[in-house]
Amino acid sequence: MYSRAYKSIVSAPPLLWVGLFLLLPYALMFAHSFWLVRDGLLVHQWNLQNYTNLFQNPVYVEVLFRTMRIAASVTLLSLLLGYPLAYFMSFHAGVRKDLLYQLVIVPLWVSYLIRGYAWKTILGSEGVLNAFLQYVHITKEPVSFFLYSPFAVILMLTHIYTPFVFLPLYASLEHIPRYLVEASHDLGASPRATFFRVILPLSLPGLLAGATFAFALTLGDFLGPILVGGPSSIMIANVVQSLFGTAYDWPLGAAISVCILFLIISLLFMTERLEKRWSFR
Amino acid sequence: MTAALSNSPSASSATAVAGALLEVRNIAKRFGTRDVLKNISLQIGSGEFLTLLGESGSGKTTLLRLIAGFEQPTSGEIWMSGVRLDTLPPYQRRVNTVFQNFALFPHLSVTDNVAYGLRVTGCPASEIPARVDAALRMVKMQEYASARPSRLSGGEQQRVALARALINRPQLLLLDEPLSALDANLRKQMQGELKALQRELGITFLFVTHDQDEAMALADRIALLKDGALEQVASPRDIYARPATSYTARFIGQTNLLRAEIRNGFANCGSLRWPANSPNGKALFSLRPEAIQLASEASPSPDAVCFRARIHQQIFAGSVEQLEVDCAGQLLRVRISARGVLTGEHEFVFDPADAIPVRE
């Protein structure tokens with residue numbers, strides 16, 4: 001057994017760290033959301049003005065809904081890409097498994113910014129995609145809607161977050177004992193029936209974890225819209241960023257942040273409940 | 001040794017069975033450079049309980065997996081009721097398996113596990129509850145219908161796995177060491193139930209085990225595998241009384257292997273000498289420990305072989321005494337009924353007909 005003194009000495013640094021860099025900032029954010037700015041100065045006067053503004057101003061609500069739409073699209077597309085990939089690698093890749101796994105992981109080592117800029121060069125009006133389309137005479141002039149649109153943001157974020165969806169999915173598929181698949185075939189189930197009745201249900205926890213990653217990370221993303229999105233695809237994090245920056249309205253920015261925080265916390269709470277229900281071991 | 005009830009053809013027609021349900025023809029299986037199965041040919045009769053017996057690594061599970069369809073043979077064919085089986089995927093074979101670790105679906109209740117085979121093969125939904133109920137009743141698990149497999153004990157999971165495998169009324173049931181995960185008492189009980197169930201249903205059972213007592217207790221016939229080849233296929237009684245090889249004689253029960261020199265109709269092994277009608281030269285004989293008796297207790301036949309031997313070791317095993325006796329430097333195992341402590345030299349006898357010539 002460790003002595004009381006030893007325990008407190010060992011646990012002090014992490015507690016201090018969490019208190020100083022996590023709890024205190026959250027508390028400050030929470031407090032700011034109930035203050036206001038008057039004549040360019042922060043006034044420590046408790047009120048609910050920021051929250052009423054937030055929900056009465058259609059712009060904020062619209063941006064919030066757009067952000068959730070984009071997050072949902074990215075989640076769905078990442079799952080559509082990540083699931084078949086994870087399934088193929090886990091069940092059919094054989095000896096190439098390890099190599100393919102590395103290939104999926106490698107993009108994660110490349111900076112987010114570089115990957116963003118790469119999409120810019122691909123999608124831009126002078127970009128690779130347009131040059132190709134003109135070269136093969138599918139289009140005569142550069143197509144401008146590739147870049148600076150919600151489409152570009154969804155494309156780029158899907159590319160970035162698919163490995164995050166893939167990893168938990170692959171792990172959960174790898175954990176399905178192969179004798180269960182054999183038992184299913186043995187009982188007369190075709191590969192298709194086996195997938196829907198055994199493999200898919202048993203991979204739901206991984207699928208849920210991956211979807212949560214993609215959704216939560218997209219919800220808080222602000223570089224995507226800056227790099228490839230343009231004004232038509234401003235997301236909620238961009239609004240927060242500008243409120244804390246040029247607009248100098250920290251209280252309103254804090255109120256939005258608090259809303260996003262609660263959204264994410266309730267999402268995590270829900271997925272945890274579901275994950276518990278869907279895991280059987 | 002547990003008594004086996006045999007109603008199968010004799011050992012002389014080792015692999016040829018009238019009305020064969022399953023026929024394995026010249027099956028070989030190679031994993032990389034390793035020959036796991038070498039040219040196996042075996043027939044299983046309809047309604048028969050055949051046990052595939054062998055040490056771990058003998059290829060018995062591989063043969064089972066080839067029949068189930070989880071592996072493809074390197075060469076050879078498997079036929080069942082006139083249909084070529086080895087070219088069909090596992091889900092089109094009328095063969096079901098009870099897995100060693102039961103392989104119950106963890107996300108489904110007992111009922112849904114048992115109903116699985118019916119649902120995926122398009123059985124009318126109206127029939128399913130009654131058939132599942134009957135199957136659960138058969139294995140005495142109807143009280144657990146709504147439980148999850150993880151809540152069940154090993155024995156209970158075993159019963160559910162059996163019900164699930166039998167629900168599609170397979171022609172052939174494969175059992176891959178299904179009792180090895182159970183403790184000794186439960187295993188004995190399940191052996192009895194399995195045997196009774198097999199008789200009642202009349203379904204052909206192919207049962208894989210490494211436990212020779214289990215094989216003797218259950219099987220109509222035993223197919224003994226060694227290093228991927230069939231060593232002997234015969235009923236438990238025949239395989240015990242007339243082992244074909246020294247490996248069989250040692251693996252099934254205990255034995256004394258006597259390395260003898262045949263000269264003019266007599267076998268000579270150390271100081272022992274008995275009539276044998278084998279050609280002159282070296283020969284190997286198997287003599288079971290219980291075939292040797294104390295001369296004072298036996299009523300020897302005229303041609304019985306007598307010898308004197310010193311008691312080297314005596315182990316009391318309840319109803320029997322297991323002796324190791326020293327006959328002029330040669331150690332022999334002897335099993336006699338319990339009769340108190342023996343010391344010094346004694347006169348022993350055996351009937352030369354019990355010395356069975358075996359191949360190396």
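Below, chain A is the first sequence line, B the second, and so on; all start at residue 1.
- Interatomic distance, OH of Y179(A) versus CG of L104(B), reported as 9.0 Å (0.5 Å rounding).
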W278(A) and H107(B): side-chain contact (heavy atoms from CB on, under 4.5 Å), yes or no, with the steps?
CA-CA 8 Å; W278(A) 286 342; H107(B) 60 300; over 6 Å; no
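- Residue-environment remark: CZ (F65(A)) stays at or below the threshold of 12 foreign heavy atoms within 6.0 Å.
- Contacts between R164(B) and chain A at a heavy-atom distance below 4.5 Å involve backbone atoms as well as side-chain atoms.
- Counting only distance, with no hydrogens or angles, the side chain of H185(A) and the backbone of A68(B) share no donor-acceptor pair below 3.5 Å.
- Residues P106(B) and L180(A) are in side-chain contact: their nearest non-hydrogen atoms beyond the backbone lie under 4.5 Å apart.
- Around atom CZ of F31(B), more than 12 heavy atoms belonging to other residues, nucleotides or ligands sit under 6.0 Å away.
- Within a 6.0 Å sphere centred on CD of E272(A), heavy atoms belonging to other residues, nucleotides or ligands number 12 at most.
- Y91(B) has its side chain out of reach of S184(A): every pair of non-hydrogen atoms, C-beta onward, lies at least 4.5 Å apart.
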Check your understanding: Could you walk me through whether Y116(B) and V198(A) pass the side-chain contact (heavy atoms from CB on, under 4.5 Å) check?
Key -> CA-CA 10 Å; Y116(B) 191 89; V198(A) 177; 3.3 Å; yes
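- Atom CZ of R197(A) sits about 7.0 Å away from atom CZ of R119(B), to the nearest 0.5 Å.
- Surrounding CZ of R84(B) are more than 12 heavy atoms belonging to other residues, nucleotides or ligands, all under 6.0 Å away.
- Panel note: side chain N168(B), backbone L187(A); a donor-acceptor pair is recorded below 3.5 Å.
- For CZ of F213(A), the number of neighbouring non-hydrogen atoms (other residues, nucleotides, ligands) closer than 6.0 Å is 12 at most.
- Within a 6.0 Å radius of CZ in R151(B), no more than 12 heavy atoms belonging to other residues, nucleotides or ligands are found.
- With a 6.0 Å radius and a threshold of 12 heavy atoms from other residues, nucleotides or ligands, Y112(A) has its OH atom above the threshold.
- Of all non-hydrogen atoms in A193(A) and V120(B), the two that sit nearest each other are CB-CG1, 4.5 Å.
- No side-chain donor-acceptor contact under 3.5 Å links D186(A) to the backbone of P90(B).
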